[in-house]
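Quick notes on the structure that follows.
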Number of protein chains: 2
Amino acid sequence: MDKNDAYILERQVGFVMRRAVQRHIAIFSALIPEMTPTQFAALAKLCELGQASQNELGRLTSMDVATIKGVVDRLRARELITSAPLESDKRRLMLAPTRKGRAMYRKYAAQAAEVSRQTLAPLDEGEQRQLMQLLERII
Amino acid sequence: MDKNDAYILERQVGFVMRRAVQRHIAIFSALIPEMTPTQFAALAKLCELGQASQNELGRLTSMDVATIKGVVDRLRARELITSAPLESDKRRLMLAPTRKGRAMYRKYAAQAAEVSRQTLAPLDEGEQRQLMQLLERII
DNA sequence: CATATTTTGTTTGTGTACAAATAGACTGTG
DNA sequence: CACAGTCTATTTGTACACAAACAAAATATG
């Protein structure tokens, strides 16, 4: 194998992104130890929507059916959201934030934005915008 | 809350990176269904080094002690690597790829590079370089 | 209307990922 | 030498993440 063809782990996008996500999660849990990024994402989206079915919430937060179920179970166990089968479509489980859930969201929304700021802190504003745009294009 | 201050999930780095990683993993498992990105990373690094202790391999692949143990266990179960306590330091577990492990690495190294190419395919070469550089700076 | 298909949710199994507690082995310093 | 501190590995518990298989409900289509 030619030297230039060598597979260098540290130069693969997947590896670098995995490490960047690790750092991001570390920042998140330092600033918001009360919940995980995933749980906050689900709660935030549900607060934005007011209500949504479990499936719908999963799609909007990019979690598959098994994952969103676990996240919802944990949020419900902490009484941050409620769930009830929909009368008009008994397959669907309608979710809504509780008063406590909305309070939790309001309490941490600013902190969550700060997590993004700290994650991007090594870059200047232009670079931050650039990174976000490039990432959005490889989704 | 001001409209401009609104927390928009889709614009948070963490959320976008998580989705980008999801797409990357999907591409990886389509091209290399035989193993996970994590397992390949550990195998690749071990092949590059020739040998390493479990702890060392974990550090170099950014996996914590519990994670690297699981990955090593699975690679060993498939006879892709061997492990043996080091005589001169009985705490350490020295790992080395087997002939089969090295063959597996050689077989998939080109595919793994192709995974990176496909992940970055929506971007032109300059943008790909840019994205990698920006990601490396927020690690 | 009857049934084939799709949608929603659950369950099971495997694989990262990390925190915290534990145990055994090494190292440094008094 | 003794022993305090450090390093390596293991174990346990929790939380994503996804595939696959299943059941129940709704919808589409003949």
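Because only heavy atoms are used, hydrogens play no part in the values below, and waters and symmetry mates are left out as well, while side chains stay in. Proteins come first, then strands; the chains are lettered A, B, ... in the order of their sequence lines, and each starts at number 1.
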Hey, can you pull the donor-acceptor pairs under 3.5 Å for the side chains in residues 92-101 of chain B, sequence neighbours left out?
unit_1: B:Arg92; atom_1: NH2; unit_2: B:Glu56; atom_2: OE1; d: 3.4
unit_1: B:Thr98; atom_1: OG1; unit_2: B:Glu79; atom_2: O; d: 2.8
unit_1: B:Thr98; atom_1: OG1; unit_2: B:Leu80; atom_2: O; d: 3.2
unit_1: B:Thr98; atom_1: OG1; unit_2: B:Lys100; atom_2: N; d: 3.4
unit_1: B:Thr98; atom_1: OG1; unit_2: B:Gly101; atom_2: N; d: 2.9
unit_1: B:Lys100; atom_1: NZ; unit_2: B:Arg78; atom_2: O; d: 3.2

With B:Gln12, which residues qualify under side-chain hydrogen bond (donor to acceptor under 3.5 Å, both in side chains), at least two apart?
A:Ser116
Contacts to DNA chain C from residues 42-56 of chain B, heavy-atom cutoff under 4.0 Å, which residues?
none
Strictly below 4.0 Å, heavy-atom distances to any atom of DNA chain C: list the hits from residues 69-80 of chain B, or just say none.
B:Val71, B:Arg74
Who are the salt bridge (charged side-chain N to carboxylate O under 4.0 Å, His left out) partners of A:Glu34, not counting sequence neighbours?
none
For A:Arg23, salt bridge (charged side-chain N to carboxylate O under 4.0 Å, His left out) partners two or more places apart:
none
For A:Gln111, all residues meeting side-chain contact (heavy atoms from CB on, under 4.5 Å), sequence neighbours excluded
A:Leu31, A:Ile32, A:Tyr108
At the 4.0 Å heavy-atom cut-off to chain A, mark where contacts on DNA chain C begin and end, going 5' to 3'.
C:dT7 to C:dC18
Qualifying side chain to side chain donor-acceptor pair (under 3.5 Å) pairs, either residue in residues 35-48 of chain B, two or more places apart:
A:Glu10-B:Lys45, B:Lys45-B:Glu48
Residues at least two apart in sequence or cross-chain that pass ring-ring contact (aromatic ring centres under 6.0 Å, His included) with A:Phe40, listed by chain then number, are A:Tyr105, B:Tyr7
With sugar-phosphate taken as primed atoms, P, OP1 and OP2 and all else as base, the protein-contact string of nucleotides 17-24 of chain D at under 4.0 Å (heavy atoms; B, S, -) is BBB-----
Taking the axis from the first five pairs and the axis from the last five, what angle separates them in the helix from C:dC1-D:dG30 to C:dG30-D:dC1, rounded to 10 degrees?
10°
